[in-house]
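Okay, structure first, notes after.
If you're wondering where the values come from, they're calculated on a predicted model, not measured in any experiment. As the structure lists them, so they are numbered: ligands from 1, and atoms in each ligand from 1. One is the number of the first residue; the rest follow in order along the sequence.
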Amino acid sequence: MALPKSSRFVVIGAGIHGLSTAYHLAQELKARGRGDGNDIIVLDKTGVGAGASGIACGVIRNNYFQPAMRELMAHSVSIWESDPRTYSYHPVGYMQISPEVMHEGCASIYAQQKAIGYECEKDCMDYMKGLFHDWQAKNITSVLHEKRGGYANNKRSMLGLAGKAESESVRIYTGVRVTGFRNGAGAVSAVETDQGLIACDYVVVGVGPWIPQIWKTLELPRATSIKGRDGNMHHNVPMWKFWCLEEGTLGVDPMLQRTNDGKLPPVIHVDTDAPLYSDVDGSLITDKMWGIYYKPDFSFGGVQGGAAPYPIERDPDEVKVDPYGPESPEYVVGKNFALMWVSALAHCQRRFSGALSKFRADEPSGGLGAFTPDAFPVFDVFRDNIYIIADSNHGYKMLGVGQLVAKEICGETSRLLEPFRFSRYAEGKLHPVSKSPFPWS
Ligand SMILES: Cc1cc2nc3c(=O)[nH]c(=O)nc-3n(C[C@H](O)[C@H](O)[C@H](O)COP(=O)(O)OP(=O)(O)OC[C@H]3O[C@@H](n4cnc5c(N)ncnc54)[C@H](O)[C@@H]3O)c2cc1C
């Protein structure tokens, strides 16, 4: 397909957000008699699912300490449920298993999930033993079991979503890199690519971990001012920070991780402050709070999951995002992760003891995420006609955000997206912070 010289809507990035927005925007335009998918093109410098969406563990959950995040996720979960086949979605449920320090927060999540009609159960160790006979994680005082949610297969869901967008006449151009923007009267009038200029009326940016680059190209501020909880302004807070996500696969039969009654289990997420000891020689790995998540996954071919990410203490301009994910020479997991994660699996369930040699060390995994100053998403319009979807690495599960963004582009403000405007930093409208060791909980 030859690249057009103009398109009403240009979407940059063929990940979960770019594709979901393109697909839903096509439907919205058609429903309102204001156009259709022929008015939309998606540009990706590499291909469909070439970014974070294509390597995500694929966990889909509602469980968030922040009410606004929870409401948004409940909306997204319903979109996953609307077409599980095409989205390659497995609604096995999700469990948040936590220590005393998080007990109060989990109780409040439970109460609020029930208030928004979300089916969940709260109980304790006996509940875990009822699911897995070999459960043995220490210092656990709360268990929250979401019956909805689960996980989806990353690449397959992206291809399914791309197919849906194309079925609405959206054109997806791969191998096209956006290099800049042309301005007209404040707004952007054209997108510059490595293959020519494309005039447009509106741009949607969904570039995942490449957002610091596009942000810079748009000459948006490198740092921001934040009104803190103490009422004081904190100036010059860097807008972007990279974290490296650590994930991997234990090359065992996925059915090793099944419930006592032989069923596929929910995704398990454990946070605890119990000391973690090496499953190999019993030495102490950490006496600080730690957390892991895992699920049996036939697509990854084993038990797949991850642990808390680590921050990249470097100027974001100096972080090499490309080559991305498993191809990166720098940002993939190493031996320390394998020992920590498998020891943590064994800490939780006896069946994983002695399994370190099965860790797929030969398959690089993990990848970068670009985080905002408060580690929550920014969904907002900049320069009059550029909608930026910067999910702060929360976002594979946020399939529904594209639908809400599409409605906003058509003039319908979304109550669910309101708490994620850029202005919240200056206004001090910050989200509450949980005690989880993960920056995204
Ligand atoms: C290892 C890992 C595991 C994760 N696991 C989960 C999980 O289990 N659940 C969950 O909810 N989230 C998870 N996440 C987070 C989630 O994957 C991301 O938040 C989400 O996929 C981001 O989607 P996106 O559409 O914004 O960007 P991406 O999926 O990264 O897509 C961006 C696209 O933009 C393209 N692009 C970039 N720059 C340009 C340019 N200049 N011109 C043209 N194209 C460009 C890229 O090629 C890419 O295809 C995980 C992230 C990582 C790294």
Item to check | The single option from Trp243, Trp240, Phe438 passing ring pair (Phe, Tyr, Trp, His ring centres under 6.0 Å) against Phe371 | outcome: Trp243
Checklist entry - Less than 3.5 Å between some nitrogen or oxygen of Gly58 and one of ligand 1, yes or no? => result yes
Checklist entry - Side chain of Arg383, backbone of Asn385: donor and acceptor closer than 3.5 Å? => result no
Checklist entry - What is the closest protein heavy atom to atom 51 (C) of ligand 1, and at what distance does it sit? => result Asn393 OD1, 3.6 Å
Item to check | Any N or O of Ile389 closer than 3.5 Å to N or O of ligand 1 | outcome: no
Checklist entry - If you round to the nearest 0.5 Å, how far is CE of Met340 from CG of Asp279? => result 12.5 Å
Checklist entry - Should one rank Gly206, Gly51, Gly306, Pro209 by closest heavy-atom distance to atom 32 (C) of ligand 1, which comes out on top? => result Gly206
Next on the checklist: Please work out, at 4.0 Å between heavy atoms, whether the side chain, the backbone, both, or neither of Trp210 comes within that distance of ligand 1.
Outcome noted: side chain
Checklist outcome for this item: Rounding to 0.5 Å, atoms NZ (Lys164) and CG (Leu19) come to a distance of 12.5 Å
Item to check | Contact check, Tyr324 vs ligand 1, heavy-atom distance below 4.0 Å | outcome: yes
Next on the checklist: Please compare Val59, Ile388, Leu245 and report which has the shortest non-hydrogen distance to atom 8 (O) of ligand 1.
Outcome noted: Val59
Checklist outcome for this item: With heavy atoms and a 4.0 Å threshold, my read on which part of Val176 contacts ligand 1 is backbone
Next on the checklist: So if I count the atoms of ligand 1 from 1 in the order they appear, which ones are less than 4.0 Å from some heavy atom of Leu368?
Outcome noted: 53 (C)
Checklist entry - Do you know which two heavy atoms are closest between Asn38 and Arg171, and how far apart they sit? => result O-NH2, 2.9 Å
Next on the checklist: Considering non-hydrogen atoms of the protein only, which is the closest contact for atom 48 (C) of ligand 1, and what is the distance?
Outcome noted: Asp44 OD2, 3.3 Å
Next on the checklist: With a 3.5 Å distance limit and no angle check, can you tell me whether Ser392 reaches the backbone of Thr372 through a side-chain donor-acceptor pair?
Outcome noted: yes
Checklist entry - How far is atom 41 (N) of ligand 1 from its nearest protein heavy atom, and which residue and atom is that? => result Val178 O, 3.1 Å
Checklist entry - In terms of ring plane angle, is the pair Tyr64 and His394 parallel, tilted or perpendicular, where the classes change at 30° and 60°? => result tilted
Checklist outcome for this item: Looking only at protein heavy atoms, what sits closest to atom 19 (O) of ligand 1 is Asp391 OD2, 2.6 Å
Checklist entry - Hey, does the side chain of Thr249 reach the backbone of Gly251 with a donor-acceptor pair shorter than 3.5 angstrom? => result no
Next on the checklist: Pairing donors with acceptors under 3.5 angstrom, does anything connect the side chains of Asp374 and His431?
Outcome noted: no
Item to check | Atoms in ligand 1 flagged as close to Gly15, the criterion being non-hydrogen separation under 4.0 Å | outcome: 25 (O), 29 (O), 31 (O)
Item to check | Shortest protein heavy-atom distance from atom 28 (P) of ligand 1, along with the residue and atom involved | outcome: Ala52 N, 3.6 Å
Item to check | Short side-chain donor-acceptor distance under 3.5 Å, Thr21 and His17 | outcome: no
Checklist entry - How far is atom 16 (C) of ligand 1 from its nearest protein heavy atom, and which residue and atom is that? => result Tyr396 N, 3.4 Å
Checklist entry - So, do Tyr23 and Ile40 sit near enough that their side-chain heavy atoms are less than 4.5 Å apart? => result no
Checklist entry - To which protein heavy atom is atom 34 (O) of ligand 1 closest, and what is the distance rounded to 0.1 Å? => result Gly13 CA, 3.3 Å
Checklist outcome for this item: the protein heavy atom lying closest to atom 39 (C) of ligand 1 turns out to be Lys45 CD, 3.7 Å
Checklist entry - Side chain or backbone of Val48 under 4.0 Å from ligand 1, or both, or neither, by non-hydrogen atoms? => result neither
Next on the checklist: So if I count the atoms of ligand 1 from 1 in the order they appear, which ones are less than 4.0 Å from some heavy atom of Glu247?
Outcome noted: 1 (C), 3 (C), 4 (C), 5 (N)
Checklist entry - Which is it for His394 and ligand 1 at heavy atoms under 4.0 Å: side chain, backbone, both or neither? => result backbone
Item to check | Leu19 heavy atom under 4.0 Å from ligand 1 | outcome: no
Checklist entry - Parallel, tilted or perpendicular: which describes the rings of Tyr425 and Phe422, with under 30° parallel and over 60° perpendicular? => result perpendicular
Checklist entry - Do any N/O atoms on Gly54 end up under 3.5 angstrom from N/O atoms on ligand 1? => result no
Item to check | Pick from Ser365, Ser53, Ser392, Gly47: the one approaching atom 23 (O) of ligand 1 most closely through a non-hydrogen atom | outcome: Ser53
Next on the checklist: Could you tell me, atom by atom, which parts of ligand 1 come under 4.0 Å of a heavy atom of Ala56?
Outcome noted: 3 (C), 4 (C), 5 (N), 6 (C), 13 (C), 17 (O), 50 (C)
Checklist outcome for this item: Quick note on ligand 1: atoms under 4.0 Å from a heavy atom of Lys397 include exactly 10 (C), 11 (O)
Next on the checklist: Can a side-chain donor-acceptor contact be found between Asp322 and Trp210 if the only test is distance below 3.5 angstrom?
Outcome noted: yes
Checklist entry - Heavy atoms, side chains only, cut-off 4.5 Å: are Ser414 and Glu418 in contact? => result no
Item to check | Sub-4.0 Å atoms of ligand 1 with respect to non-hydrogen atoms of Gly367 | outcome: 1 (C), 53 (C)
Checklist entry - Tyr89 side chain to Gly149 main-chain N or O, any donor-acceptor pair under 3.5 Å? => result yes
